[in-house]
Engineer: 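Could you have a look at this structure, given as structure tokens, before my questions?
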Protein chains: 4
Amino acid sequence: MAAKALAQQTTREQDRRRTILRAAVEVFSKKGYHGCRIADVAREAGVAYGLVYHYFKNKDELLESVFTSGWSGFVERLTEQASKSTTFEDRVRGVVGVAFDAYKHDPRGVKVLILEVGRSPSGGAVNRGSAFSDVIRLASLLFQEAKEKGHLKADMDPLLAATMLFGAIEMGLTAFVLGLLDRKDDSVLDRARDQVAETFLRGVVPAGTAQDPTSRAGQANPAVRSKQTWTSSKSPTKSRAQRRA
Amino acid sequence: MAAKALAQQTTREQDRRRTILRAAVEVFSKKGYHGCRIADVAREAGVAYGLVYHYFKNKDELLESVFTSGWSGFVERLTEQASKSTTFEDRVRGVVGVAFDAYKHDPRGVKVLILEVGRSPSGGAVNRGSAFSDVIRLASLLFQEAKEKGHLKADMDPLLAATMLFGAIEMGLTAFVLGLLDRKDDSVLDRARDQVAETFLRGVVPAGTAQDPTSRAGQANPAVRSKQTWTSSKSPTKSRAQRRA
Amino acid sequence: MAAKALAQQTTREQDRRRTILRAAVEVFSKKGYHGCRIADVAREAGVAYGLVYHYFKNKDELLESVFTSGWSGFVERLTEQASKSTTFEDRVRGVVGVAFDAYKHDPRGVKVLILEVGRSPSGGAVNRGSAFSDVIRLASLLFQEAKEKGHLKADMDPLLAATMLFGAIEMGLTAFVLGLLDRKDDSVLDRARDQVAETFLRGVVPAGTAQDPTSRAGQANPAVRSKQTWTSSKSPTKSRAQRRA
Amino acid sequence: MAAKALAQQTTREQDRRRTILRAAVEVFSKKGYHGCRIADVAREAGVAYGLVYHYFKNKDELLESVFTSGWSGFVERLTEQASKSTTFEDRVRGVVGVAFDAYKHDPRGVKVLILEVGRSPSGGAVNRGSAFSDVIRLASLLFQEAKEKGHLKADMDPLLAATMLFGAIEMGLTAFVLGLLDRKDDSVLDRARDQVAETFLRGVVPAGTAQDPTSRAGQANPAVRSKQTWTSSKSPTKSRAQRRA
DNA sequence: CATGAATGAGTCTTCATTCAT
DNA sequence: CATGAATGAAGACTCATTCAT
């Protein structure tokens with residue numbers, strides 16, 4: 001009986017905690033890391049201000065938890081998927097699938113991860129950059145293995161390949177997050193998913209097209225002016241000083 | 001004489017302005033958008049506190065200028081490059097090259113763009129998200145044209161292709177920004193540049209490998225449990241409430 | 001039977017109450033009046049958070065109880081002692097003795113009284129300042145009586161004499177509380193006790209020393225500069241504003 | 001010219017700083033250490049909230065400065081006085097005089113020092129307890145010297161003597177601070193000053209009174225019940241639990 | 001133009017107090 | 001009686017922005 005009561009207590013606490021976490025994701029996805037105020041989270045969760053501090057030590061820990069819980073779930077499913085698939089290509093498709101499915105089920109959450117993970121400068125309680133790096137390093141093992149079996153081009157760096165895969169995925173999702181692509185129905189999402197995977201595997205050029213032999217690699221890019229940085233061009237906005245003229 | 005004096009004045013103003021802008025980039029790349037205080041920028045630029053407000057209306061405009069000036073230079077060079085190249089493949093390589101060269105010349109500035117552009121929630125004076133979208137849309141024209149000429153796979157969405165290209169580029173650079181890849185010398189950077197372009201064009205799978213016919217597209221991904229969001233897993237950090245147990 | 005149960009209940013309640021009070025003294029002597037949180041008291045007492053509020057209306061009442069109970073015990077013993085002693089000098093020694101014995105038996109409690117009684121600005125539920133005044137006024141009666149019997153110097157104000165007595169006692173104990181004097185063993189304490197009493201009675205100057213006739217009383221102190229307050233000297237710490245220079 | 005401007009600047013800053021410090025003393029003496037809010041200080045000083053933080057790093061530093069500046073001025077005058085006086089007795093009178101004069105000129109400031117110095121539990125930025133101890137140790141040198149010259153009773157501990165002197169002074173002033181003695185005019189204050197000094201030097205007992213031989217020292221005080229602490233008596237205030245009965 | 005002192009609104013965080021179980 | 005989750009008011013601190021010199 002006491003055990004049951006305790007269990008219920010624990011469950012209720014877990015629920016509360018999850019409610020607040022969920023609310024944080026919500027506010028977060030709307031206002032971003034720094035625009036997110038504790039007061040907003042509390043209101044969104046429908047709890048009192050102080051209760052947030054009952055469940056999370058401070059703002060940083062709350063936000064950290066948002067990342068950690070979201071990211072760990074993603075990594076978990078990623079690992080699960082990788083172990084399930086058989087061929088290299090299916091594994092790649094599986095990885096892409098996990099990411100897109102995550103977005104299908106929880107676009108807000110994915111938005112938060114995409115817009116924030118690895119973006120904040122180091123200094124937060126937990127090193128989010130490393131969380132990101134970890135996943136890439138993990139994926140690079142997959143490519144390493146594939147390379148040894150000849151399923152990957154010989155001159156390809158596994159780490160860079162992994163990086164690119166996630167880059168393509170991330171940007172594919174970003175297109176939806178930013179509203180560049182509209183998520184009318186799941187079919188659009190599914191099609192994008194497949195395309196990302198296939199492009200990564202076989203490229204955008206139709207099979208059989210001969211490779212351009214002239215400018216393969218190492219070309220110095222003449223378009224870039226040395227000694228000039230990208231801030232050298234004038235801003236189009238007018239400052240007070242400029243308005244004077 | 002007066003004209004000359006005025007011109008010098010103006011030049012000095014321009015210099016000041018650029019100095020501050022440059023300082024903003026510096027502080028920015030170190031502390032991020034929100035961790036950056038006006039005082040920091042002023043100190044970095046070696047000017048008085050209030051002077052920043054003489055050249056920029058407010059913090060937002062300063063940050064906006066940082067983005068705009070950096071981004072417009074990038075877009076400019078991108079356009080220039082696109083018009084110069086001849087074949088589709090070279091254009092793609094050119095786009096990748098412009099991005100990597102920018103990083104080579106001004107890693108700090110690129111870091112700022114990568115870590116912040118499109119990450120801040122809409123609400124700033126200028127919609128940075130749209131700046132980003134604009135470039136992608138611009139690039140998609142290139143893919144549209146290529147598609148019509150048969151240089152692009154028939155079932156490929158030009159917009160999505162453009163998105164993926166920038167995704168791969170961005171993530172490739174992110175690998176350097178985050179320190180995942182070490183920028184010992186330019187050759188590492190150059191190799192990465194080439195690999196990003198080639199992968200995008202022809203994929204990671206060696207030419208001649210038969211395509212896996214069974215799981216091409218539209219497969220439902222069985223690994224994803226419906227009705228479960230990514231925040232459902234418990235956070236490993238202990239809250240005050242949890243510590244009780 | 002029910003009566004016995006009730007009595008036991010009551011006893012248990014009393015115990016609880018005393019436990020909490022004791023814990024409050026403990027926390028108090030460590031963290032001081034304002035650094036003391038209800039949570040700390042509860043933890044120290046080993047009871048639940050809310051239970052403190054079952055026994056004490058609020059924090060103020062708890063603190064008030066700490067003072068009152070401690071103080072009333074002290075006053076009680078003081079009165080008892082005063083009525084027991086016979087000669088004036090013994091009464092003085094008795095008063096000093098009660099104070100030092102209290103410290104011997106409960107240094108923590110005395111520390112709290114010394115460091116807090118009369119220090120808090122009036123405003124608490126009970127006027128602790130008045131509690132203090134009451135004791136002094138009580139003692140002044142003793143001096144009044146002594147004066148009438150010629151046991152006290154004729155030009156001595158009884159109220160001021162009483163004040164000084166407690167001042168010497170308090171500061172003597174403060175020396176221990178602050179660690180200025182080390183309470184290795186009770187003999188140090190006993191010696192201090194005797195010295196306080198004797199000094200108060202006969203002064204620090206050896207008997208028979210002629211009194212300095214020139215500067216007895218009423219001398220204007222030339223060392224004090226008029227119109228200058230004690231905050232006029234510069235603080236050695238540097239402010240942000242000062243660091244500028 | 002520039003130098004003059006700078007000097008003026010500096011002076012103005014100093015003034016501001018002093019104004020705030022002065023305001024802090026004011027608020028402080030009214031509300032005590034912890035009741036003192038930055039907002040109050042700012043209002044009292046007639047400056048904006050944030051300006052307090054321009055001159056003082058944080059609340060602690062402000063309060064610390066209040067103590068330090070006040071205390072250092074006091075110590076300074078004390079030292080000055082000690083070096084000026086000639087005989088031991090005059091030195092003692094001088095020390096007492098400095099304290100009483102300080103009160104005459106700035107009762108508020110002295111109140112703050114009396115009520116707070118050495119009372120707060122250690123933990124503040126600066127160790128106020130040690131500031132207090134330092135003065136006592138300093139004074140004990142004076143007594144040490146006097147003892148060697150035979151101006152102090154042979155069985156008297158110099159450190160304890162110093163402690164008692166300040167105890168008598170402090171409590172004498174406390175009598176005024178608490179309103180026990182009314183500071184109608186300076187004569188009351190002057191009389192108290194003289195009495196404190198003389199009592200310390202020669203005691204309260206009229207010269208020529210024989211010393212009570214029976215109960216000089218070392219007597220165990222039978223009035224104190226062993227094993228019983230001063231919190232054992234019941235508080236007269238009623239708790240919720242007690243009200244039940 | 002340049003300077004940096006002055007302003008004060010906006011947030012985080014703490015903690016006394018209440019109350020449902 | 002006992003518990004500790006829930007509440008929210010209070011106050012410290014930051015920092016963008018203004019303005020007098």
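So that the names make sense, note that chain A is the first sequence line, chain B the second, and so on, each numbered from 1. Excluded from the calculations below are hydrogen atoms, water molecules and symmetry mates; all remaining heavy atoms, backbone and side chain alike, are included.
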Engineer: Take atom CD of A/Glu13 and atom P of F/dG4, then tell me their distance rounded to the nearest Å.
Structural biologist: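 It is 10 Å, rounded to the nearest whole Å.
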Engineer: For C/Leu62 and E/dC15, what is the distance between atoms CG and P respectively, to the nearest whole Å?
Structural biologist: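 After rounding, the reported distance stands at 16 Å.
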Engineer: State whether D/Arg16 places a side-chain N or O below 4.0 Å from either non-bridging phosphate oxygen (OP1 or OP2) of E/dA5.
Structural biologist: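 Answer no for this pair, as no side-chain N or O of D/Arg16 is under 4.0 Å from OP1 or OP2.
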Engineer: Stem finding on DNA chain F, please: runs of three or more consecutive Watson-Crick or G-U wobble pairs, both distances under 3.5 Å, sorted by first number.
Structural biologist: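 Stems for DNA chain F, defined as runs of 3 or more consecutive pairs: E:2-21 with F:2-21.
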Engineer: If we ignore hydrogens and angles and just use 3.5 Å, is the side chain of A/Arg17 paired with the main-chain N or O of A/Tyr55 as donor and acceptor?
Structural biologist: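 Yes: the side chain of A/Arg17 pairs with the backbone of A/Tyr55.
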Engineer: Just how far, in rounded Å, is P of F/dC13 from OH of D/Tyr55?
Structural biologist: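 Value for this atom pair: 19 Å.
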Engineer: Is it true that B/Glu44 and B/Lys30 make a salt bridge, defined as a side-chain N closer than 4.0 Å to a carboxylate O?
Structural biologist: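 B/Lys30 and B/Glu44: salt-bridged.
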Engineer: Judged by each residue's nearest nucleotide on DNA chain E, which is more toward the 5′ side, B/Leu51 or D/Leu51?
Structural biologist: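 Nearer the 5' end of the strand: B/Leu51.
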Engineer: Check this one for me: any side-chain N or O of B/His54 less than 4.0 Å away from OP1 or OP2 of E/dA2?
Structural biologist: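 Answer is no, no contact under 4.0 Å.
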Engineer: Can you pull out the residues from residues 37-49 of chain B that lie within a 4.0 Å heavy-atom distance of DNA chain F?
Structural biologist: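 Nucleic-acid contacts, sorted: B/Arg37, B/Ile38, B/Tyr49.
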Engineer: State, with a plain yes or no, whether a side-chain heavy atom of A/Phe28 is found less than 4.5 Å away from one of A/Val41.
Structural biologist: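 When only atoms from C-beta onward are counted, A/Val41 and A/Phe28 do not touch, as no gap falls below 4.5 Å.
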Engineer: Can you check the C/Tyr53 OH to E/dA16 P distance for me, whole Å?
Structural biologist: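 That distance rounds to 6 Å.
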Engineer: On DNA chain F, does the nearest nucleotide to B/Cys36 precede the nearest nucleotide to D/Cys36 from the 5' side, or the other way round? Give the residue.
Structural biologist: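 The residue whose closest nucleotide sits nearer the 5' end is D/Cys36.
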Engineer: Please compare B/Gly35 and D/Lys59 by the position of their nearest nucleotide in DNA chain F and report the one closer to 5'.
Structural biologist: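 Here D/Lys59 is the residue nearer the 5' end.
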